[in-house]
Amino acid sequence: MAHGYTYQDTLATSEKITWRIEDIIGGSKSLDFKKPFMPESLARTAPLGFLSPAEQRILNQIRGHAYLCIFGLVEEFILPFVVDHARPQLSGDDHRARALLNFASEEAKHIHLFKVFRAEFERDFGHHCDVIGPPDAIAKAVLAHHPLGVALAILHIEWMTQRHYLDSVKDAQELDPQFKSLLRHHWMEESQHAKLDTLLVEAIAAKCSPAEIEQGVGDYLKVGMLIDGGLEAQTKFDLAALAAVTGRTLSESQAREAYEVQRQANRWTYLGSGMTHPNFLATLGAIAPNGRKQVEGIAPAFC
Ligand SMILES: [Fe+2]
Ligand SMILES: [Fe+2]
């Protein structure tokens, strides 16, 4: 409990944060396709010097579209997981029950938010971009793992979101204001989720035998591999969309370089930035010191 998180405090903070989807997007608030959507540290289009600035911006926006879809997709397994874990804990601690139900309700709102942004994107971008899925099949595959493994994967995602906003988005002045606003509003609620999921991981781990802890860490890594397979496919979709939108045919060596740079950019965005977050590693290390070492050992491949 070195972190000091409590259900009561996170509930109090989350009750002060109130925003509606219609406050962020829709009506006169539309995406500005003259600007990038993603920070360069996540998009990594600048190393592709053979793309013109306009082509780099289009690839950046395609990556923004994929971000909407991938977050929509992961939140489809976070929502049922949180609801399932809230259900047996509705009595006994009123703050805990309300904090967990708020967590679930906010994730349902985020799924909706990402869908609305995606519809706005598709309306104004003018080209269809393929995405991995379907979300319910991926959610089913993820939820088949040990609950500790799923809870660790969710904790990774929650801290990853914090890192994306604080390290890369908050001070980036060049981004489209609407997309930046999406990331800021998401971050505001996710900072309570990261704390609540820390408490969830600890509660699940407290009931696990050493063998189950080991299985949970192994399953966290398996969920990571599942996501990594999806990212490989998404990288190909994104580059195919770039070719379709720009009409540009890359040489064989340029295409290989674009794939390698974007593959690693996706790995950092969704895997490396979560698995190396100090707060994620602290929670993992407290329940499974060897699991932490294992994750730290493989993390450089995802950075
Ligand atoms: Fe969320
Ligand atoms: Fe969340």
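Whatever order the structure lists them in is the order used to number ligands and atoms, beginning at 1.
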- Query: What's the atom name of the N, O or S in His193 nearest to the Fe ion (ligand 2)?
  - Reply: ND1
- Just give me the atom name: the N, O or S atom of Glu75 closest to the Fe ion (ligand 1). OE2
- Note on the structure: Sorted by chain and number, sequence neighbours left out, salt bridge (charged side-chain N to carboxylate O under 4.0 Å, His left out) with Asp130 holds for none
- Task: Measure from the side-chain N and O atoms of Thr235 to the backbone N and O of Leu231, and report whether any donor-acceptor pair falls under 3.5 Å.
- Result: yes
- Is any N, O or S atom of Glu106 under 2.8 Å away from the Fe ion (ligand 2)? no
- Task: Of all N, O or S atoms in Glu107, identify the one at the shortest distance from the Fe ion (ligand 2).
- Result: OE2
- Query: Any idea which N/O/S atom from Glu190 gets closest to the Fe ion (ligand 1)?
  - Reply: OE2
- Is the distance from the Fe ion (ligand 1) to some N, O or S atom of Glu189 under 2.8 Å? no
- Task: Output the atom name for the N/O/S atom of His110 with the smallest distance to the Fe ion (ligand 1).
- Result: ND1
- Within the side chain of Asp32, is there an N or O that forms a donor-acceptor pair under 3.5 Å with the backbone of Asp176? no
- Message: Could you work out, with salt bridge (charged side-chain N to carboxylate O under 4.0 Å, His left out) as the rule, every residue matching Arg184, not counting sequence neighbours?
- Response: none
- Considering residues, nucleotides and ligands other than Asp23, do more than 12 of their heavy atoms fall under 6.0 Å from its CG? yes
- Message: Quick check on Lys29: does its NZ atom have over 12 non-hydrogen neighbours (other residues, nucleotides or ligands) under 6.0 Å away?
- Response: yes
- Item | Shortest-distance N, O or S atom of Glu158 relative to the Fe ion (ligand 2) | OE1
